[in-house]
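Letters A, B, ... mirror the listed sequences (proteins, then strands); counts begin at 1. Just so it is clear, the structure is predicted and the values come from calculations on it, not from any experiment.
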2 protein chains.
Amino acid sequence: MVQYNLPHFNASFAALADATRRGVLDQLARGNASISDLASQFDMTLTGMKKHVGVLEAAGLVTTEKIGRVRTCRLGPCRLEDELAWIAGYRQVWDARFQTLDGVIDELQRREKARGRRQRR
Amino acid sequence: MVQYNLPHFNASFAALADATRRGVLDQLARGNASISDLASQFDMTLTGMKKHVGVLEAAGLVTTEKIGRVRTCRLGPCRLEDELAWIAGYRQVWDARFQTLDGVIDELQRREKARGRRQRR
DNA sequence: GTTATACTGAACCATATGGTTCAGTGTGCG
DNA sequence: CGCACACTGAACCATATGGTTCAGTATAAC
């Protein structure tokens, strides 16, 4: 109906589907951090954290820059506007679904059918 | 900072991370459908579609009810309000990050450091 | 009663995910 | 120079994911 379902949603929603990664975003919102910083904070190996940062970076949620031997992570260009819009749109149809006459009729028919079946046993 | 990072985000974001599943939600917004309906529409086996519906159901995005031999799927109780709020909050901090003096100083320091390194080569 | 339909469950498969260790490489510091 | 530190990459592991087929079971239709 209103929804568009963009291909980059796969990466962004998948990136958000992990608590550690949401935590990293949370942390980066407070200030930039190195991979080591994040790794120690989330009690994980450097390598493990680097993978998470890689996922976030691929989704555009984080950018990184290596200066000397430390790679600094900061919030990236993706501000999740499309994702926000998709969810907002979803909520809108959700509301509509149960406020229209169609929705009510749907519901009544469903119940009627279920009732009928039960009685016939 | 503002974020809360609820545990059920894992399931809901993971559920949204698949194009087929977003398509199913899209479809259910247009009207209820059986597993068969969805399977044929998304060119997939019944079994495959049932798994997707299971994921959506576990995330609370869909509810199903079996009447006779057909299982009808409809939009579920999860309206993604928390997820919406999380993303909205994220965007807010994102904005703040690059409008505060802190952000600007951060950025300048970063550039200065990078410049210094480049010259020292 | 027979047959077709709609789903269900188990088993399987390939690939992805979330983590590790280990062995480098490159950089900074004394 | 020499050592420590920050990261990187490869290899590995267990489990999850997204799909399939195949063999049921229950229900609807004739």
For B:Glu57 and B:Thr64, which I'm curious about, is there any donor-acceptor pair between the side chains at under 3.5 Å? yes

Would you mind classifying the nucleic acid contact of B:Leu46 as base, sugar-phosphate or nothing, using non-hydrogen atoms under 4.0 angstrom? base

For A:Ile67 and C:dG28, give me the distance from atom CD1 to atom P, rounded to whole Å. 10 Å

Between A:Glu83 and A:Ser12, does any side-chain donor sit less than 3.5 Å from a side-chain acceptor? yes

Are B:Leu16 and A:Leu84 grouped together when hydrophobic residues (ILVMFWY) are joined by side-chain heavy atoms under 4.5 angstrom apart? yes

Rounded to whole Å, the CZ-P distance (B:Arg71 to D:dT25) equals 18 Å

Could you tell me how far apart A:Asp43 (CG) and C:dG18 (C1') are, to the nearest whole angstrom? 14 Å

Earlier contact from the 5' end, DNA chain C, for A:Arg69 and A:Thr47: A:Thr47

Using a cut-off of strictly less than 4.0 Å, decide whether A:Ser34 has a side-chain nitrogen or oxygen near OP1 or OP2 of D:dA6. no

Would a distance-only check, ignoring hydrogens and angles, find a side-chain to backbone donor-acceptor pair under 3.5 Å from B:Arg91 to A:Arg79? yes

Tell me the interatomic distance from B:Ile35, atom CD1, to D:dT25, atom P, rounded to whole angstroms. 20 Å

Value in whole Å for how far the P atom of C:dT20 lies from CZ of A:Phe42: 14 Å

Would you kindly give the NZ-to-C1' distance between A:Lys51 and D:dT15, to the nearest whole Å? 13 Å

Could you check whether the rings of A:Phe13 and B:Phe13 sit parallel, tilted or perpendicular, using 30° and 60° as the cut-offs? parallel

Would you mind telling me which of C:dG19, D:dT8, C:dT8 lies closest to the side-chain atoms of A:Met44? C:dG19

Please give, in whole Å, the distance from C:dA16 C1' to A:Asp18 CG? 13 Å

Whole-Å gap separating P (D:dT17) and CG (A:Asn10): 15 Å

Of all the nucleotides listed (C:dT8, D:dG18, C:dG19), which has the minimum atom distance to the side chain of B:Lys50? C:dT8

Please tell me which of A:Ala14 and A:Met49 maps to the more 5' nucleotide of DNA chain C, matching each residue to the nucleotide holding its nearest heavy atom. A:Ala14

Taking C:dT21, D:dG18, C:dG18 as options, the one with an atom nearest any side-chain atom of B:His52 is D:dG18

Nearest to the side chain of B:Thr45, heavy atoms from C-beta on, is which of D:dT21, C:dT21, C:dT8? D:dT21

